[in-house]
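Order of listing sets the numbers, starting from 1, for every ligand and every atom in it.
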Amino acid sequence: MATNRTFTMIKPDAVKAGNTGAILAKMNEGGFRIVAMKKTHLSPEKAGEFYAIHKERPFYGELVEFMSSGPIVAAILEKDNAVEDFRKLIGATNPADAAPGTIRALFAKSIGENAVHGADSDENANIEGNFHFAGTEMF
Ligand code: UDP
Ligand code: MG
């Protein structure tokens with residue numbers, strides 16, 4: 001069932017660089033409504049749990065280290081066709097391949113430090129949103 005919600009994180013590189021506000025503005029301009037939002041700092045354990053699906057990938061250790069290296073902004077966003085439209089708004093994983101004007105083209109430093117996360121399915125958006133937020137924090 002399509003929920004019209006997606007889950008995102010503004011990653012430590014973008015928060016550190018002072019790009020939080022500019023990235024939130026892009027999400028707003030893209031037509032996404034904020035359902036839940038917080039600034040937080042993931043422990044290595046929490047980051048490892050969040051990215052457990054990538055456990056066997058060669059970049060897993062680096063990814064966990066990076067995602068726990070500083071504060072992030074986590075959010076649940078709402079829009080028709082949210083998951084697919086948000087992936088379009090952020091662009092390809094590697095900023096070198098990201099379409100002009102996308103959030104990663106504008107703000108990502110590298111394939112690893114790529115400014116934002118976007119859920120890749122309705123099912124994962126729901127799992128990831130529930131990982132970070134209680135039902136009483138979603139409006
Ligand atoms: N990543 C990386 N090296 C790679 C591929 C991915 O460091 O070769 C990191 C990057 O931060 C990426 C995350 O792992 O956003 C999750 O990878 P995925 O393939 O799910 O990309 P995404 O869905 O974020 O575009
Ligand atoms: Mg992914």
Every residue of the protein that comes under 4.0 Å of ligand 1, judged on heavy atoms: Lys11, His54, Phe59, Leu63, Arg87, Thr93, Arg104, Ile111, Gly112, Asn114

Results of salt bridge (Lys or Arg N to Asp or Glu O under 4.0 Å) for Glu137 - residues two or more places apart only: none

Residue pairs involving residues 118-139 (criterion ring-ring contact (aromatic ring centres under 6.0 Å, His included); sequence neighbours excluded): Phe7-His132, Phe50-Phe131, Phe50-His132

In one Ile/Leu/Val/Met/Phe/Trp/Tyr side-chain cluster, 4.5 Å: Phe107, Val116: yes

Backbone of Tyr51 reached by a side-chain donor or acceptor of Tyr60 within 3.5 Å: no

Pairs where residues 12-36 contributes a residue and the test side chain to side chain donor-acceptor pair (under 3.5 Å) is met, not counting sequence neighbours: Arg33-Glu78

Leu24 reachable from Val15 in the ILVMFWY side-chain graph, under 4.5 Å edges: yes

